[in-house]
Amino acid sequence: MQAISRRLGHQSLKASSPSTLSLKPIYPVSDHCYGADHPRYGSSLANKGVGHLIRKGTGGRSSVSGLVATVFGATGFLGRYVVQQLAKMGSQVLVPFRGSEDSQRHLKLMGDLGQIVPMKYNPRDENSIKAVMAKANVVLNLIGREYETRNFSFEEVNYSMAEQLATIAKEHGGIMRFIQVSCLGASPSSPSRLLKAKAAAEEAVLRELPEATIMRPAAMIGTEDRLLNQWAFFVKKYGFLPLIGDGSTKIQPVYVVDVAGAIVAALKDDGTSMGKVYELGGPEVFTTHELAELMYDMIREWPHYVKVPFPLAKALAMPREILLNKVPFPLPNPEIFNLDQILALTADTVVSDNALTFNDLGIVPRKLKGYPVEYLIQYRKGGPQFGSTVSEKVSPDAWP
């Protein structure tokens with residue numbers, strides 16, 4: 001019976017005409033509406049080294065933006081927000097990672113199926129870097145570290161890796177855009193080794209790729225930041241906050257989502273941002289004391305400060321720097337007393353008068369007070385609903 005059924009099936013297929021075998025879609029796709037030549041869906045990126053980008057869809061996660069971006073440092077603080085915004089517009093994002101398989105799994109949820117592609121690599125292996133960059137037409141370097149470890153120095157992480165990425169991108173030939181994320185205040189004359197390394201990296205990248213875009217964000221604030229989180233944790237643990245110096249150093253902190261938006265805006269423009277340097281600071285300038293007051297207000301605690309003069313702060317941070325490469329075991333990561341950050345605080349870090357800023361990218365940065373620092377409610381001792389204004393702070397002595 002099975003043999004008879006198979007023969008009848010073959011006969012019916014032979015009897016069918018070619019017209020009956022052709023399948024027509026129920027909802028025909030119009031090239032006029034979804035083609036790359038349509039003004040709404042056409043790419044506005046300046047092509048460099050590759051053909052015309054193919055863009056399809058309405059611009060959401062299930063669309064195809066034509067961007068294939070390799071984001072170095074995607075597993076870091078800023079990286080997750082950049083990946084989210086790239087995926088939201090339908091780009092394919094290649095995520096190089098060097099640690100555990102778990103370090104990048106949260107990123108895969110930000111895009112459609114197959115849109116976020118984790119790729120293990122070794123930052124000290126040139127062939128490994130070329131492999132993760134092979135299919136890309138956009139490269140973003142977000143690699144950076146504000147402290148040294150036994151394995152990676154300031155110069156290697158913040159300068160050498162950037163120079164190597166720019167060199168490989170130049171040899172690639174198909175990289176349209178290269179964005180280097182630096183730091184506000186980067187200068188060869190800075191007392192901070194981090195800011196010196198970042199300045200050297202900018203020079204090296206522009207030497208290899210004069211059309212690269214440099215982004216200099218100020219201290220970034222957000223859910224996973226290493227500034228207000230560290231302060232609030234220290235306050236909850238010890239009951240006071242050390243103010244380095246006298247708390248009068250001026251900084252211009254910025255919401256991390258706005259920095260990610262600026263990076264994506266530079267990729268989406270017509271090439272006007274190529275070869276330029278942008279300084280990304282928030283709309284308000286704070287002293288470190290004023291920023292600490294904002295943190296205390298959000299966690300609903302009475303402010304308690306201990307002013308630590310710069311010489312004393314440097315002395316407290318120096319032992320880790322001395323012992324870093326002399327002991328046979330890794331030392332804890334510095335938090336409040338980070339020698340390089342203490343040196344950076346000896347000078348104000350604000351946006352220059354004539355610098356290109358968020359406004360030149362069509363972005364209005366958000367003020368910090370309110371939603372950008374709302375994540376600090378997790379540190380409220382009475383729970384998220386503890387108090388609502390400064391006047392409603394409750395002294396510990398008032399509890400029964």
Side-chain angles (χ1 to χ4, degrees), residues 46 48-49 69-73 76 78-79 82 96 123-124 126 129-130 133 136 138-148 152-220 251-252 254 259 262-263 266-267 269 271-281 340-341 343-358 360-361:
K48 175 184 176 294
T70 300
V71 184
F72 292 92
L78 173 61
V82 173
R124 289 171 172 156
E126 185 176 338
I129 297 174
K130 290 180 178 178
M133 206 185 289
V138 168
V139 172
L140 283 70
N141 179 27
L142 279 56
I143 297 175
R145 182 61 64 86
E146 69 275 12
Y147 57 85
E148 283 189 300
F152 292 95
S153 66
F154 273 124
E155 289 71 25
E156 182 177 10
V157 173
N158 299 296
Y159 164 66
S160 300
M161 290 184 184
E163 183 182 36
Q164 186 179 35
L165 293 181
T167 302
I168 294 174
K170 181 179 181 180
E171 295 173 355
H172 184 287
I175 303 300
M176 299 185 308
R177 304 295 296 272
F178 188 102
I179 294 184
Q180 166 72 14
V181 176
S182 184
C183 291
L184 187 63
S187 169
S189 60
S190 173
S192 165
R193 289 176 59 196
L194 168 65
L195 297 179
K196 284 182 180 178
K198 285 294 187 181
E202 292 178 12
E203 183 181 353
V205 168
L206 291 176
R207 182 172 61 247
E208 296 292 335
L209 297 169
E211 67 278 6
T213 303
I214 307 295
M215 297 289 182
R216 291 179 177 175
M220 290 180 287
I251 56 177
Q252 199 167 346
V254 61
V259 177
I263 292 172
L267 292 176
D269 67 14
T272 55
S273 63
M274 298 174 72
K276 295 180 180 178
V277 179
Y278 292 85
E279 296 190 0
L280 308 179
D340 198 77
Q341 290 184 344
L343 294 173
L345 283 174
T346 58
D348 296 338
T349 307
V350 295
V351 173
S352 306
D353 294 333
N354 300 321
L356 298 173
T357 62
F358 280 110
D360 299 284
L361 294 168

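Here the structure is a predicted model, which means the values were calculated and not measured.
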Going from [atom1] on [X] to [atom2] on [Y], what distance comes out if it is rounded to the nearest 0.5 angstrom?
X      : Y      : atom1 : atom2 : result
Met161 : Arg124 : CE    : CZ    : 6.5 Å
Glu126 : Thr167 : CD    : OG1   : 8.5 Å
Leu194 : Glu148 : CG    : CD    : 10.0 Å
Glu208 : Glu171 : CD    : CD    : 8.5 Å
Asp360 : Lys276 : CG    : NZ    : 7.5 Å
Asn141 : Thr70  : CG    : OG1   : 11.5 Å

Are [X] and [Y] within salt-bridge range, i.e. N to O under 4.0 Å?
X      : Y      : value
Lys196 : Glu155 : no
Lys198 : Glu202 : no
Arg145 : Asp340 : no

Provide the closest heavy-atom pair for [X] versus [Y] in the form atom of the first, atom of the second, distance.
X      : Y      : result
Cys183 : Leu195 : CB-CD2, 3.7 Å
Ala212 : Leu206 : O-CD2, 3.8 Å
Phe178 : Ala169 : CD1-CB, 3.9 Å
Ser182 : Pro217 : O-CD, 3.2 Å
Tyr159 : Ala197 : CB-O, 3.8 Å
Arg207 : Pro210 : O-CD, 4.4 Å

With a 4.5 Å cut-off on side-chain heavy atoms, are Leu184 and Leu280 touching? no
Ser352: partners by side-chain hydrogen bond (donor to acceptor under 3.5 Å, both in side chains), with sequence neighbours left out: Glu279
Has the side chain of Gln252 got a donor or acceptor atom that lies under 3.5 Å from a matching backbone atom of Val351? yes
Can you confirm whether the side chains of Ser153 and Arg193 place a donor and an acceptor under 3.5 Å from each other? no
Heavy atoms from other residues, nucleotides or ligands near CD of Glu156 exceed 12 (cutoff 6.0 Å): yes
Val259 vs Met215, test: side chain to side chain contact (heavy atoms under 4.5 Å, CB included). Steps then yes/no. CA-CA 9 Å; Val259 177; Met215 297 289 182; 6.0 Å; no
Option from Val71, Leu140, Leu361 for which side chain to side chain contact (heavy atoms under 4.5 Å, CB included) with Ile263 holds: Leu140
Side chain to side chain donor-acceptor pair (under 3.5 Å) between Ser192 and Ser190: does it pass, once the steps are laid out? CA-CA 5 Å; Ser192 165; Ser190 173; 4.7 Å; no
Set out, in order, the CA-CA distance, both residues' side-chain angles and the distance that settles side chain to side chain contact (heavy atoms under 4.5 Å, CB included) for Ile129 and Leu165, then state yes or no. CA-CA 8 Å; Ile129 297 174; Leu165 293 181; 3.6 Å; yes
